Amino acid sequence: MALSGMRGLSVFISDVRNCQNKEQERLRIDKELGNIRTRFKNEKGLTPYEKKKYVWKMLYIYMLGYDVDFGHMEAISLISAPKYPEKQVGYIVTSCLLNENHDFLRVVINAVRNDIIGRNETFQCLALTMVGNIGGKEFAESLAPDVQRLLISSSCRPLVRKKAALCLLRLYRKNPDVVNIDGWSDCMSQLLDERDLGVLTSVMSLFVALVSNNNEAYRNCLPKCVKILERLARNQDIPQEYTYYGIPSPWLQVKTTKALQYFPTVEDPNTRRALFEVLQRILMGTDVVKNVNKNNASHAVLFEALALVMHLDAEKEMMSQCVALLGKFIAVREPNIRYLGLENMTRMLLITDVQDIIKRHQTQILTSLKDPDISIRRRALDLLYGMCDVTNAKDIVEELLQYLSTADFAMREELALKAAILAEKFAPDLSWYVDVILQLIDKAGDFVSDDIWYRVVQFVTNNEDLQPYAAAKAREYLDKPALHETMVKVSAYILGEYSHLLARRPGCRPKEIFAIINEKLPTVSKPTVAILLSTYAKIMMHTQPPYPELQEQIWAIFRKYESYIDVEIQQRAVEYFVLSRKGAALVDVLAEMPKFPERQSALLKKAEDAEVDTADQSAIKLRSQQQTSNALVVTDQQHVNGSILGNQLGLVKMPSQKMEASTHNQGLTKENGAVSKVDPEPTPSADLLGDLLGPLAMEGPPAAPVSGEKNMISALEATPDAAGALALATVGDQSNSVQPIVNIAERFHALCLQDSGVLYEDPYIQIGIKAEWRAHHGHLVLFLGNKNTSPLLSVRALILPPSHLKMELSLVPETIPPRAQVQCLLEVVNLRASRDVAVLDFLYKFGTAVVSVKLQLPAVLNKFLRPISVSAEEFFPQWNSLSGPPLKLQEVVRGVKPMSLLEMANLFASLHLGVIPGLDTNPNNLVSCTGFYSEGTRAMLCLGAFACNIAKKGWITVTIGILPYPFHEAEKTVVWLLLIHSFLLVW
């Protein structure tokens, strides 16, 4: 920037630099700003030289960090000046002082356009440079056609075309519509034939942006990109000024390789062979040298080439060569190169058949765990976590345990979590798993989360053969003089449940177990005190009849804590004291914990939820795809030893604790497992005799009282608490360019009768469901399968639950890789009877197509029914005791399609209705007994009788009776009506 001749500007800069302190500088700046403001008020008296000088001063003041809130119009006006010095100042100062949203920029659009379409190349470059820096949407709409003409013009110099390509890139990012895909793909193909490497590098930047949004439209450019790489790899016709430390234009190589990664495959065999030859040349020609700049350039090209090799799923020989090269990198002294080698080796773990090759470098990777640089240690940990399997798990976990004692505090929590996951996944036997977890707790108790010791408790509970061993190990650890509180928790819990299995061993009698645990009581926190009280109660339960001395000692502790300030501890002490005086009944009340049902590991979910970068995510993803342990148990549960463990232990924590369906949060739903706000849907009319899933023809008047009951239930469901604004019985029409290839309504009806199947399918994705129902709990797995060779992007899943269901969806990944399937867990709890249906709002993006569908989920009432087998002696007394409405109600259904009695019985069985053969002497009648489960009512016994006359008159008389438990009559009537729906679902 030439400032010669501007004496006033030079003097001002010297004055500012000579200021002794900040206050002097501010006074000098304020004085100059006042002078400039005064001169600008009399703009007509300013010469172009003076205006240029004052604008330069404004820019200098702005660069010093001071606000310049005037003079913008004076700077903009210089853009229209006919001479280069004034125009240059105008463009530079405008680019610095204004942003793309500034209103003054609209004034200058015409002046900029005149410079772009003019014949002066210098003015064109100034205009393109400014638009490329601060051009916004309005610039894109006005100037994009002119910039495109400059770019493809053969008469323009390379300097102008380079700037035009970068300017168009800026405008495309602001408004993608400015590039017409239909005509521009051919233009881009011609531009990639450009011989000037400067123009080609700028064009390649534009091409990367274009192909990232729509690779199919630019598939004809793929061979051109391969030819560019061939030219660079062979160093053909490369000017000296574009050779950097002997490497031909590394920037262009990186951009071209990146562009090729947006194409799913290279189908043409000749092009594919040429591409792999280039990649082979890059792999063979890259090595570590002493020159740092050359290393940086060559490694930038190399790592993009590695990413392309992984993307194209190259042959195993080339993959082996990549791993061998990375193995050299992780062995050098330069920390940056070691870091990049570990990071890229972690990314390669996702490639099939590469893991065994990476294992050859296990010793060197373990050495990197002791590197002075913490970033390298983290990368080594990620790599070990990803490469671990049954063959090397023992060595890796033992090395991690050994490293745990000397690891940085910043790494210990992550290290403990990953060691616990690997021990769980690949344990050769469960006793080894228990040893590992107890060592973890002993060495890094402060950094071991509660989820880790919850998990070992679950494994011990689910495996009877493991219980004596775990109890013995817990007893050994209690002998240590210094013990972490987490070890006290887990040892106390295990010994409370299973110490009776060690009663014959020395030092393991109930008195001795109690004594050694009681030594820890004065030193532990309140949550641990609560667990110890439960342990004492369990010890008493296992010593029936009790030892008087031991009983008095435990009672004294219970009495001590009966008036404790903590309510949880106080309640436990009071209840356990009362229970312990019941004698043998204590055995039934405090029986051993049952086995936990199967669920996803909370540790793996915790690792997935942690914020990780790309390489770490590769290792996490690999772990989640591998087989789980044989002793899978619940992630969370609420009650252990018959009560809550402290304030945070939750081995059975139902999803409802995270999301309560009430009138206060009708607008809250789960998006990818998180709570978000949505607009509530309008509540459908409360027609309780309308079909649960679709229209049904129901005729025949019910008994007289039913009408009144219907009105009562209609009023009940009209309230927000009963129906909920989010309950959607039907899903409206959905307009998508991508149409499903299955009948969604038929699939939903089928899944209402089955527990697994396909819910939705279109050309790009298949959504399947596998469900397991226990009482009022449901455990569903959604299978999201990508059917194509391109990833599905912007994936979003939103659960719209009705108010009678509590639902929690696990994390849904934003991207589903090509030909991959992901699994998402959905937990359901039934609160009460209702006809409303939950809805899955699912959205994804494939190429330019955005697909959004709303799918009804088959969490319907009959899923919470369980058949009950009873005899005639049990059934008829209960049936006869039901006098009439609302305990016994009747409905006549006409127009039933012909079917045999056996077919009807099989259909009822698919609805979980227990048909009991032989109870009714009439061969045309059926009798059923089923239980309806909800959190509010627990089990509700429902009896049914069906008088069938299908063959002759085509009707069925359905009579339902509900036992008179102390439930609200409205609740009984809701269940009755919904049972009618379930019975008639098949018609």
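Predicted model, so just to flag it, every value in this text is computed and none were measured.
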With no hydrogens and no angle check, is any side-chain donor or acceptor of H311 less than 3.5 Å from a backbone partner on F263?
-> yes
Which of Q766, E761, Q821 passes side chain to side chain donor-acceptor pair (under 3.5 Å) with K787? Answer is E761
Assess whether side chain to side chain contact (heavy atoms under 4.5 Å, CB included) is satisfied between M310 and L350, documenting all intermediate values.
-> CA-CA 9 Å; M310 289 186 279; L350 291 177; over 6 Å; no
Closest heavy-atom pair and its distance - D237, R231 | O-NH2, 3.1 Å
Is it the case that K87 places NZ or CZ above or below the six-membered ring of F123, under 6.0 angstrom from the centre and within 45 degrees of the axis?
-> yes
Check whether any side-chain heavy atom of L325 sits under 4.5 Å from a side-chain heavy atom of L302, and report yes or no.
-> yes
For K137 and E141, what are the C-alpha separation, side-chain angles and deciding distance, and is it a salt bridge (charged side-chain N to carboxylate O under 4.0 Å, His left out)?
-> CA-CA 6 Å; K137 197 166 185 178; E141 294 170 354; 5.2 Å; no
Ignoring hydrogens and geometry, is there a side-chain-to-backbone donor-acceptor pair from Q823 to F783 under 3.5 Å?
-> no
Quick one: do L78 and E74 satisfy side chain to side chain contact (heavy atoms under 4.5 Å, CB included)? Show the steps, please.
-> CA-CA 7 Å; L78 290 174; E74 284 72 13; over 6 Å; no
Scanning both residues in full, the closest heavy-atom pair of R170 with G135 reads NE-O, 2.8 Å
Tell me, please, which residues at least two apart from S185 pass side-chain hydrogen bond (donor to acceptor under 3.5 Å, both in side chains).
-> none
About how many Å separate CG of L151 and CD of E194, when rounded to the nearest 0.5 Å?
-> 9.5 Å
Side chains of P791 and P818 in contact at under 4.5 Å (non-hydrogen atoms) | yes
For A81 and E86 the tightest heavy-atom approach is CB-CB, 3.5 Å
Carboxylate-amine/guanidinium contact R106 E138, below 4.0 Å | yes
Within 6.0 Å of NZ in K845, more than 12 heavy atoms from elsewhere = no
Report the distance from atom OG1 of T129 to atom CD1 of I92, rounding to the nearest 0.5 Å.
-> 9.5 Å
Which heavy-atom pair separates A259 from V211 by the least distance, and what is that distance?
-> O-CG1, 4.1 Å
Over 12 non-hydrogen atoms of neighbours within 6.0 angstrom of CD in E317 | no
The ring pair (Phe, Tyr, Trp, His ring centres under 6.0 Å) partners of F104 (sequence neighbours excluded) come to H102
If every non-hydrogen atom of N293 is compared with every non-hydrogen atom of N291, which pair is closest and at what distance?
-> N-OD1, 3.0 Å
Interatomic distance, N213 atom CG to T848 atom OG1 [nearest 0.5 angstrom] | 9.5 Å
Residue pairs passing the ring-ring contact (aromatic ring centres under 6.0 Å, His included) test with at least one member in residues 199-246, sequence neighbours excluded, are Y244-W251
Taking the side chain as C-beta and beyond, is there a heavy-atom pair between M345 and M387 under 4.5 Å?
-> no
Between atom OG of S794 and atom CD1 of I816, what is the distance when rounded to the nearest 0.5 Å?
-> 11.5 Å
Distance in Å, Q253 CD paired with T201 OG1, rounded so as to fall on 0.5 Å steps | 10.5 Å
May I ask you to test the L342-F329 pair for a side-chain heavy-atom distance under 4.5 Å?
-> no
Any pair with a residue in residues 295-304 that passes side-chain hydrogen bond (donor to acceptor under 3.5 Å, both in side chains), sequence neighbours left out, goes on the list, sorted by first then second residue, please.
-> Q261-E304
Around R157, counting heavy atoms of other residues, nucleotides and ligands shown, do more than 12 lie under 6.0 Å from its CZ?
-> no
Distance-only, no hydrogens or angles: does the S153 side chain make a donor-acceptor pair with backbone N or O of L150 under 3.5 Å?
-> no
With no hydrogens and no angle check, is any side-chain donor or acceptor of D196 less than 3.5 Å from a backbone partner on G198?
-> yes
Do NZ/NE/NH1/NH2 and the carboxylate oxygens of D841 and R796 come within less than 4.0 Å?
-> yes
Under the side-chain hydrogen bond (donor to acceptor under 3.5 Å, both in side chains) test, which residues partner N215, sequence neighbours left out?
-> none
Are E277 and R281 ion-paired here, with the side-chain N under 4.0 Å from a carboxylate O?
-> no
When you measure from the side chain of R113 to the backbone N and O of L143, does any donor-acceptor pair fall under 3.5 Å?
-> no
Side chains of V795 and P813: does their closest heavy-atom pair fall under 4.5 Å?
-> no
State which residue, out of N786, D762, T815, fulfils the side chain to side chain donor-acceptor pair (under 3.5 Å) condition with Y844.
-> D762
In terms of heavy-atom contacts, C824 and L784 come closest through SG-CD1, 4.0 Å
Step by step, work out the side chain to side chain contact (heavy atoms under 4.5 Å, CB included) result for M348 and V309.
-> CA-CA 10 Å; M348 293 197 73; V309 169; 5.7 Å; no
Are the side chain of R338 and the backbone of V332 linked by a donor-acceptor contact shorter than 3.5 Å?
-> yes
Salt bridge present between E230 and K227 (N-O < 4.0 angstrom) = no
Hey, could you give me the CG/CG distance between L169 and L210, rounded to the nearest 0.5 Å?
-> 8.0 Å
Do N120 and Y84 have side-chain atoms, one donor and one acceptor, less than 3.5 Å apart?
-> no
Evaluate the criterion side chain to side chain contact (heavy atoms under 4.5 Å, CB included) for residue pair L326 and F303; output intermediate values, then yes/no.
-> CA-CA 10 Å; L326 293 174; F303 291 128; 3.9 Å; yes
Quick one: does I765's side chain get under 4.5 Å of F846's, heavy atoms only?
-> no
Go through the structure and list residues passing side-chain hydrogen bond (donor to acceptor under 3.5 Å, both in side chains) with R173, not counting sequence neighbours.
-> none
